[in-house]
Participant: 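Below is the structure I would like to discuss, written out as structure tokens.
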Amino acid sequence: MHYQTLLTTLEHGICTIIINRPEKLNALNKTVFEELNKVLDVVLAHVEIKSVIITGAGSKAFVAGADISEFGDLTKEEAMALAKRGQDTFARIENSPKPIVAAVNGFALGGGCELAMSCHFRIASENAKFGQPEVNLGLIPGYGGTQRLVQLIGKGKAMELLMSAHLIDAPEAKQLGLVNYVTTPETLLEHSKQILTLINSKAPLAVAGCIKAANAVYNETQDGYAVEIEEFGNAFATKDRKEGITAFLEKRKANFTGK
Ligand code: COA
């Protein structure tokens, strides 16, 4: 598929989505949101796509935020609709049954930090910078940032970052648990692909069950332990469970089919 603001590649079951507006530091405009939704449809529809990397074009930015030039004089209702569109898109990423990893290759500010936080986990290059600078604009995060930052790094530090607009570098992001690994810029994608290759070798429905149950921790309408029981039961009913256990007993590598 051809996109105006995204580049995509598919290699060994890993779809890499590159937000491609480097001249605007990959800021998220209306078209990026439309196209992210389209590419998510494609990801979910195609069995050959097993997992996804989201990254930014160029060496400077992952995503420097929502496109501020689209923040004209919105009414309160229009501003709320804008936030809802962002939240809905990022909820689709968070709830994707296929793993989605953010490979953060530079600035991840505002909506960019929120996009990275909606992914299942994050890997950063050593030049990455994270932050929610919305208070500099008289705003607050609108794409889930106030919620996911608290979830990922705890309330005290999240409060400080939200209120001060202070940016943190990659080592501090790792120390806070916001990113899992820090790499050189040159090895960022390779490292991300290595981890996804490992995950892609596991039973896809079991991986999806892990995502669903772990996400339930943060969903007040769900009892996470009940979701875990349900997903455990679902996993038990799969062919891959039979294959996994048989392969273990036969001392061979399992050959999972996603069924
Ligand atoms: N929305 C729209 N355009 C953006 C943008 C955003 N969030 N972030 C950067 N850009 C654009 C700049 O306007 C500039 O465009 P121009 O060349 O047409 O003037 C281009 O990207 C390059 O950015 P520039 O500011 O010149 O780069 P820099 O190296 O001096 O600064 C940042 C980098 C990230 C510190 C700075 O761009 C910035 O503060 N961006 C906004 C971050 C933000 O507040 N995000 C939250 C939005 S809710």
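In each ligand, atom 1 is the first atom listed, and ligand 1 is the first ligand listed.
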Participant: Counting heavy atoms not belonging to Lys98, are there more than 12 under 6.0 Å from its NZ?
Facilitator: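 For Lys98, atom NZ is crowded (more than 12 foreign heavy atoms under 6.0 Å).
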Participant: Is Glu134 in polar range of ligand 1, meaning some N or O pair under 3.5 Å apart?
Facilitator: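 In fact, backbone or side chain, Glu134 has no N or O that close.
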Participant: Closer than 4.0 Å to some heavy atom of Phe107 - which atoms of ligand 1 meet that?
Facilitator: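 Counting from 1, the qualifying ligand atoms are 33 (C), 34 (C).
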Participant: Please check whether Pro133 reaches ligand 1 - meaning an N/O of the residue sits under 3.5 Å from an N/O of the ligand, judged on distance alone.
Facilitator: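 No, Pro133 has no N/O under 3.5 Å of an N/O on ligand 1.
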Participant: Salt bridge between Lys239 and Glu243, side-chain N to carboxylate O under 4.0 Å?
Facilitator: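 Not counted as a salt bridge, because no side-chain N and carboxylate O are separated by less than 4.0 Å.
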Participant: Tell me which protein heavy atom sits closest to atom 6 (C) of ligand 1, plus the residue, atom name and distance to 0.1 Å.
Facilitator: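 For this ligand atom, the closest protein heavy atom is Ala66 O, 3.5 Å.
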Participant: Would you mind running through ligand 1 and noting each atom that sits below 4.0 Å from a heavy atom of Leu109?
Facilitator: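 Answer, ordered by atom number: 34 (C), 42 (C).
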Participant: Can you tell me if CZ on Phe71 sees more than 12 non-hydrogen neighbours from other groups inside 6.0 Å?
Facilitator: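 Atom CZ in Phe71 is crowded, with more than 12 foreign heavy atoms closer than 6.0 Å.
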Participant: Run the numbers for me: atoms of ligand 1, each under 4.0 Å from some heavy atom of Lys60, listed by number.
Facilitator: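 Counting atoms of ligand 1 from 1, those under 4.0 Å from Lys60 are 27 (O), 28 (P), 29 (O).
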Participant: Considering only heavy atoms of Ala27, which atoms of ligand 1 have at least one such atom less than 4.0 Å away?
Facilitator: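 Matching atoms, with element in brackets: 1 (N), 2 (C), 6 (C).
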Participant: I need the atoms of ligand 1 closer than 4.0 Å to a non-hydrogen atom of Asp67, numbered in the order shown.
Facilitator: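 In order of number, 1 (N), 2 (C).
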Participant: Asp240 and Thr238: side-chain donor and acceptor closer than 3.5 Å?
Facilitator: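 Note: Asp240 and Thr238 side chains miss the donor-acceptor criterion.
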Participant: Measure up the Tyr143 and Phe33 rings against each other and bin them: parallel (under 30°), tilted (30 to 60°), perpendicular (over 60°).
Facilitator: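 Geometry flag for Phe33 against Tyr143: perpendicular rings.
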Participant: Got more than 12 heavy atoms from elsewhere within 6.0 Å of NZ, Lys157?
Facilitator: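 Enclosed: over 12 neighbouring heavy atoms sit under 6.0 Å from NZ of Lys157.
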Participant: Taking atom OH as the centre, does Tyr181 end up with more than 12 heavy-atom neighbours from other residues, nucleotides or ligands that are less than 6.0 angstrom away?
Facilitator: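 No, the 6.0 Å shell around OH holds no more than 12 heavy atoms from other groups.
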Participant: Between Ala64, Gly65, Pro22, which one has a non-hydrogen atom sitting closest to atom 42 (C) of ligand 1?
Facilitator: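 Result: the heavy atom closest to atom 42 (C) of ligand 1 is in Ala64.
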Participant: Does the protein put any heavy atom within less than 4.0 Å of atom 13 (O) of ligand 1?
Facilitator: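 It does not; no protein heavy atom is within 4.0 Å.
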Participant: Among all protein heavy atoms, pick out the one at the shortest distance from atom 17 (O) of ligand 1; state its residue, atom name and that distance to 0.1 Å.
Facilitator: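 Nearest protein contact, heavy atoms only, for atom 17 (O) of ligand 1 is Glu23 O, 4.4 Å.
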Participant: Please tell me if the side chains of Val32 and Arg21 come closer than 4.5 Å, counting only heavy atoms from C-beta onward.
Facilitator: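 Counting from C-beta outward, Val32 and Arg21 do come under 4.5 Å.
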Participant: Considering only the protein, which heavy-atom contact is closest to atom 22 (C) of ligand 1, and what is its distance?
Facilitator: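 Looking only at protein heavy atoms, the one closest to atom 22 (C) of ligand 1 is Leu25 CG, 3.9 Å.
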